[in-house]
Amino acid sequence: DLALRCIERIPRSQIGHIPHVLYHWRALPGSTALATDEKDYAKSAAERALRSHFERVGMRAEVSGIVGGYHRVRYSLDMALAPLVSLIVPTRDRLDLLRVCVSSILERTRYPNFEIVIADNQSREAETLSYFEEIRCDPRVRIVAYDRPFNFSAINNFAATQAQGEIIGLVNNDIEVIHAEWLEEMVSHALRPDVGAVGAMLYYPDDRIQHAGVIVGYQGVAGHAYQGKPRNTPGQLGRARLVQELSCVTAACLLMRAEVYAAVGGLDEGLQIAFNDVDFCLRIRRAGYRIVWTPFAELYHHESASRGYEDSPEKLARFHREIAFMQERWSDTLLHDPAYNPNLALDGDLFALAWPPRVAYPFRASGSQ
């Protein structure tokens, strides 16, 4: 409650983090130091503090408890006034993937006001072209042609100019909707004035986590949090189950207001395939917006199924050029992700302790243990 009252009165630049252990606390049976469910009154006090915070800042939101003694906040969304969302789906053939993607959006999405903009990048197969003619009959679907060599950034930028929505969603053609509320959950965050972009929880088809946010600096550029972990993995201090601010999220399923997309100039077309979403999110943050990730928008991602992997000399050369591009443009930013503790590793397993440590203890003499 005290922390919430403080942050209501100061700018974000006045909030800092000391990455050192400064205090040890006793943990006795029956203490909330062991688990928050040891004392029921702690749960109700936490919910009251959150509700009071939203009342004071004039924001309509619903607070509810979730597993682990944590909380979920649902921001109010008036469905009668729901803004149009343009979901951009780039594709080149691979009808097996596209059909699942489009039908899952159309059939499983509860949000009432959206359009699907299929950005066709030189599809040639007869069954794909036949499907285009079939799907055009649905007023929620439009097809725009991008008749140039494949460039993920350029395709999405072109389609964004054709989008009619107040909100733009980037959706890979190998995404499959799981739950009906996925889009309203993402829209409720995207409409917050301080939020620039919103990412989702993505799973592999076997229910392992594919994306739970992006950690900047991992293996030189960036990596997905909890990738490969089982569904329902809680993560460090419940992070895989909590809405949170991150530095980056994947463009495989990414929502933002159209005004934000335009303000930062869209995706950088110099990054044809890799890291364009990382660069995009970092530019959004540099413009003063938050990047939010929510585990309550759940989708399957058949990762790289349509474009393949970086397994040819040409693709590998392009991939390494894009790594060099990112490291030159963002340099120190890649080493200091504010959403990732500097005592944790940037190689091996994410969220493991870094060894040797990545931070020095200023209060220890050189060479001391």
Side-chain angles (χ1 to χ4, degrees), residues 12 61 66-68 70-75 77 85 87 111 167-172 175 177-179 181-204 207-218 221-257 260-261 264 267 275-301 303 333-334 337-341 344 350-351:
R12 297 179 65 193
I66 59 175
V67 174
Y70 300 107
H71 297 86
R72 177 183 180 183
V73 175
R74 288 183 173 92
Y75 294 88
L77 183 63
V85 179
L87 300 173
Y111 188 85
I167 295 177
I168 290 176
L170 307 184
V171 180
N172 278 17
I175 288 291
V177 172
I178 298 175
H179 297 305
E181 68 171 13
W182 75 279
L183 189 52
E184 62 198 76
E185 167 69 12
M186 297 184 76
V187 169
S188 71
H189 292 289
L191 289 176
R192 294 162 56 191
D194 61 333
V195 172
V198 184
M201 169 71 91
L202 304 181
Y203 301 109
Y204 292 113
D207 280 326
R208 290 178 300 123
I209 293 173
Q210 188 268 335
H211 170 266
V214 173
I215 303 301
V216 169
Y218 181 67
V221 180
H224 288 192
Y226 305 113
Q227 187 171 29
K229 300 294 184 183
R231 190 170 180 171
N232 297 322
T233 293
Q236 183 199 34
L237 296 175
R239 283 187 64 168
R241 294 177 177 171
L242 298 172
V243 175
Q244 63 200 263
E245 181 178 357
L246 291 170
S247 290
C248 299
V249 289
T250 181
C253 184
L254 178 65
L255 250 67
M256 76 291 299
R257 299 189 303 282
V260 175
Y261 195 96
V264 300
L267 299 173
F275 308 123
N276 40 52
D277 45 8
V278 176
D279 174 76
F280 184 56
C281 287
L282 291 177
R283 285 188 285 118
I284 290 174
R285 282 180 54 82
R286 188 171 60 188
Y289 296 102
R290 299 176 187 266
I291 304 295
V292 168
W293 174 80
T294 173
F296 303 109
E298 297 180 288
L299 306 99
Y300 286 119
H301 185 199
E303 187 186 30
T333 301
L334 299 181
D337 188 334
Y340 189 67
N341 193 303
L344 301 180
L350 282 170
F351 299 99

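Predicted model, so just to flag it, every value in this text is computed and none were measured. Numbering starts at 1 and runs along the sequence shown.
The NE2 atom of His301 sits 14.5 Å away from the CE atom of Met201 when rounded to the nearest 0.5 Å. Atoms CD1 and CZ, on Ile167 and Arg257 in that order, are 8.0 Å from each other to the nearest 0.5 Å. Between the OG1 atom in Thr333 and the CZ atom in Arg286 there is a gap of 8.5 Å [rounded to 0.5 Å]. Going from atom OH of Tyr261 over to atom CG of Leu254 covers 9.0 Å, rounded to the nearest 0.5 Å. The CG atom of Leu77 sits 10.0 Å away from the CD atom of Glu185 when rounded to the nearest 0.5 Å. Put simply, CG on Asp194 and CZ on Arg290 are 5.0 Å apart, with the number rounded to the nearest 0.5 Å.
Side-chain contact check for Phe296 versus Ile66: some heavy-atom pair is nearer than 4.5 Å. Using a 4.5 Å heavy-atom cutoff, the side chains of His211 and Cys253 are not in contact. Within the 4.5 Å cutoff, the side chain of Met186 has no heavy atoms near those of the Val85 side chain. Contact check for Leu183 versus Leu255: side-chain heavy atoms found under the 4.5 Å cut-off. At a threshold of 4.5 Å between non-hydrogen side-chain atoms, the residues Leu299 and Val171 do not count as touching.
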Hey, mind stepping through Leu191 and Tyr75 against side-chain contact (heavy atoms from CB on, under 4.5 Å) and telling me if it holds? CA-CA 9 Å; Leu191 289 176; Tyr75 294 88; over 6 Å; no

Step by step, would you call Val243 with Val73 a side-chain contact (heavy atoms from CB on, under 4.5 Å)? CA-CA 8 Å; Val243 175; Val73 175; over 6 Å; no

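Under the rule for a ring-ring contact (aromatic ring centres under 6.0 Å, His included), His71 has no partner lying at least two apart in sequence or in another chain. Legend: residues meeting salt bridge (Lys or Arg N to Asp or Glu O under 4.0 Å) with Arg241, ordered by chain and number and at least two apart, are absent. A search for side chain to side chain contact (heavy atoms under 4.5 Å, CB included) contacts involving Leu237 returns Tyr70, not counting sequence neighbours. Under the salt bridge (Lys or Arg N to Asp or Glu O under 4.0 Å) criterion, Arg192 pairs with no residue, sequence neighbours left out. The side chain to side chain donor-acceptor pair (under 3.5 Å) test applied to Asp207 returns Arg231, Tyr300, not counting sequence neighbours. Partners of Asn232 according to the side chain to side chain donor-acceptor pair (under 3.5 Å) rule, which considers only residues two or more places apart in sequence or in another chain, do not exist here. Not counting sequence neighbours, the partners of Tyr340 by the ring-ring contact (aromatic ring centres under 6.0 Å, His included) test are Phe351. Annotation: side chain to side chain donor-acceptor pair (under 3.5 Å) contacts of Trp293 (sequence neighbours excluded): none. Take Gln227 and apply the side chain to side chain donor-acceptor pair (under 3.5 Å) test, not counting sequence neighbours, and it matches Tyr204. Residues satisfying the salt bridge (Lys or Arg N to Asp or Glu O under 4.0 Å) criterion with Arg208, sequence neighbours excluded, are Asp206.
Side-chain N or O atoms of Gln244 include one that pairs as donor or acceptor with a backbone N or O of Arg239 at under 3.5 Å. Judged by distance alone, with hydrogens and angles left aside, the side-chain atoms of His224 form a donor-acceptor pair with the main-chain N or O of Gln210 at under 3.5 Å.
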Compile the donor-acceptor pairs under 3.5 Å between side chains in residues 277-285 and protein atoms, sequence neighbours left out, one pair per line.
| unit_1 | atom_1 | unit_2 | atom_2 | d |
| --- | --- | --- | --- | --- |
| Asp277 | OD2 | Thr250 | OG1 | 3.4 |
| Asp277 | OD2 | Ala251 | N | 3.0 |
| Asp279 | OD1 | Arg329 | NH1 | 2.8 |
| Asp279 | OD1 | Trp330 | NE1 | 2.9 |
| Asp279 | OD2 | Arg283 | NE | 2.8 |
| Asp279 | OD2 | Arg283 | NH2 | 3.2 |
| Asp279 | OD2 | Arg329 | NH1 | 3.2 |
| Arg283 | NH1 | Val264 | O | 2.5 |
| Arg283 | NH1 | Gly266 | O | 3.2 |
| Arg283 | NH2 | Gly266 | O | 2.7 |
| Arg285 | NH1 | Glu245 | OE2 | 3.2 |

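For the pair Gly213 and Val249, the tightest heavy-atom approach, listed with the atom from each and the gap, is CA-CG1, 4.4 Å. Closest non-hydrogen pair, Ser247 versus Val216, comes out as CB-CG2, 3.8 Å. Nearest heavy atoms, Ile215 versus Ala225: CG1-CB, 4.3 Å.
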